[in-house]
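See structure below.
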2 protein chains.
Amino acid sequence: MSWNLTSDRPIYAQLIEQMELKICSGVYPLGSKLPSVRELAREASVNPNTMQRALSKLEESGLLYSVRTSGRFVTEDKNMIKETKKRIAREQIQELLKKMTDLGFDQQEILSMLNDMAKELKK
Amino acid sequence: MSWNLTSDRPIYAQLIEQMELKICSGVYPLGSKLPSVRELAREASVNPNTMQRALSKLEESGLLYSVRTSGRFVTEDKNMIKETKKRIAREQIQELLKKMTDLGFDQQEILSMLNDMAKELKK
DNA sequence: ATTATTGTATTAAGCGCTTAATACAATAAT
DNA sequence: ATTATTGTATTAAGCGCTTAATACAATAAT
């Protein structure tokens, strides 16, 4: 899962989202040390300030913490990551159900379309 | 389905998205006349220029057309709306599958969570 | 001991988005 | 005939986002 940024939303918001995914999926394991701000910025092809902004927000939410001159680390709190994972999943599903329902699909159809597309991916 | 705007994305982009939903779901039926730019802007609490911007984009994509001093109308092309509906549905499902897979859920779990939340909504 | 690397902070510039204030021609409504 | 309403266009201002260029203290690496 590499960085994927579009111009239709603020970059720092996309960085937060993708960083959360990386943390929850174990790309950056529990308690592990992240690459430096500058390195991460280089990876994502953004300005260090922009990456810093995203990481600061993730500290506010508790997923990361930084040690002044040593580096930045993923939280040790296994449960917090688990909860974040659940939160993202719930939000994503909610959004899907809302949008699909607005479009006029009933739950039968939604499940059926999802099943089809999931099968398609399996191949 | 009323207007719901957040500050984490450009307003005009959200207007396009929600306008598409309104068209596809029949809030504004095939070939019907829309409220005026000014009226729509008032409804959504945005500047007329911003609403105009969104509507112009929807004209580019063909979902709307305008008659200079008479007003703006939904396309007569039933098939185009159907295709738009499909496109939105596909995109939304793709995004869900991608994100959930990144999070480490397998297809079994995705379907099960979706089922649960769908049932929850039914109540 | 010296050097390199941390996270962090600041300033200035450019850009797109949004709003506000107008204006205009065409035509629908009266 | 007059008035109100269309979509459309323009200009200026303010704001947030992003980048670039620096700088600094603390400390890890050498």
Open item on the list: Heavy atoms within less than 4.0 Å of DNA chain D: which residues of residues 3-18 of chain B have one? Give them sorted by number.
Closed with: none
- [ ] Can you tell me the distance, in whole Å, between the CZ atom of A:Arg53 and the C1' atom of D:dG16?
- [x] 7 Å
Task: Value in whole Å for how far the P atom of C:dT8 lies from CG of A:Leu64 - done: 11 Å
- [ ] Check whether any side-chain N or O of B:Ser61 sits under 3.5 Å from a backbone N or O of B:Leu58 as a donor-acceptor pair, and report yes or no.
- [x] yes
Open item on the list: Do the side chains of A:Arg87 and A:Glu83 get close enough for a salt bridge, i.e. N-O under 4.0 angstrom?
Closed with: no
Task: Options D:dG7, C:dT8, C:dT19, nucleotide nearest the side-chain atoms of B:Val37 - done: D:dG7
- [ ] Would you mind reading off the distance between A:Arg72 atom CZ and D:dT27 atom P, rounded to a whole angstrom?
- [x] 17 Å
TODO: May I have the distance from B:Gln52 (atom CD) to C:dT19 (atom P), rounded to whole angstrom?
DONE: 14 Å
- [ ] Using Watson-Crick or G-U wobble geometry with both distances below 3.5 Å, tell me the partner of D:dA1, or none.
- [x] C:dT30
Task: Paired nucleotide for C:dA25 [Watson-Crick or G-U wobble; both distances under 3.5 Å] - done: D:dT6
Open item on the list: Just N and O in the side chain of B:Ser70: are any of them under 4.0 Å from OP1 or OP2 of D:dG7?
Closed with: no
Task: G-U wobble or Watson-Crick pairing nucleotide for C:dA20 (cut-off 3.5 Å, both distances) - done: D:dT11
- [ ] Take B:Thr75 and B:Asp77, measure what side-chain hydrogen bond (donor to acceptor under 3.5 Å, both in side chains) needs, and give me the verdict at the end.
- [x] CA-CA 5 Å; B:Thr75 178; B:Asp77 185 344; 5.1 Å; no
TODO: Give me the one residue out of A:Glu76, A:Arg72, A:Glu59 that meets side-chain hydrogen bond (donor to acceptor under 3.5 Å, both in side chains) with A:Tyr65.
DONE: A:Glu76
Open item on the list: Output the rounded distance in Å from NZ (A:Lys57) to C1' (D:dT18).
Closed with: 16 Å
TODO: For the residue pair A:Trp3 and A:Glu43, confirm or rule out a side-chain donor-acceptor distance under 3.5 Å.
DONE: yes
- [ ] Take nucleotides 21-26 of chain C nucleotide by nucleotide from the 5' end and write B, S or -, depending on whether a protein heavy atom sits under 4.0 Å from the base, only from the sugar-phosphate, or from neither.
- [x] B-B--B
Open item on the list: If you compare every side-chain N and O of A:Ser36 against the phosphate oxygens of C:dT6 (OP1, OP2), does one of them come in below 4.0 Å?
Closed with: yes
Open item on the list: Please report the distance, rounded to the nearest Å, between CG in A:Leu40 and C1' in C:dT8.
Closed with: 15 Å
- [ ] Could you tell me the separation between the CE atom of B:Met51 and the P atom of D:dG7, rounded to a whole number of Å?
- [x] 11 Å
Open item on the list: Other residues, nucleotides and ligands only: do more than 12 of their heavy atoms fall within 6.0 Å of NZ on A:Lys22?
Closed with: yes
Open item on the list: So that I can tick it off, tell me whether B:Glu95 and B:Lys98 are bridged by a salt bridge, with the cut-off set at under 4.0 angstrom between side-chain N and carboxylate O.
Closed with: no
Task: Heavy-atom side-chain contact between B:Lys82 and B:Lys85 under 4.5 Å - done: no
Open item on the list: In whole Å, I'd like the distance from the CZ atom of A:Arg42 to the P atom of D:dT19.
Closed with: 15 Å
Task: ILVMFWY network linking A:Val37 to A:Val27, side-chain heavy atoms under 4.5 angstrom - done: yes
- [ ] Say whether A:Ile23 and A:Leu5 are linked into one hydrophobic cluster, either directly or through other cluster members, by side-chain heavy-atom distances under 4.5 angstrom.
- [x] yes
Open item on the list: Check the phosphate of C:dT8 against A:Ser66, side-chain N and O only, distance under 4.0 Å to OP1 or OP2. Yes or no?
Closed with: yes
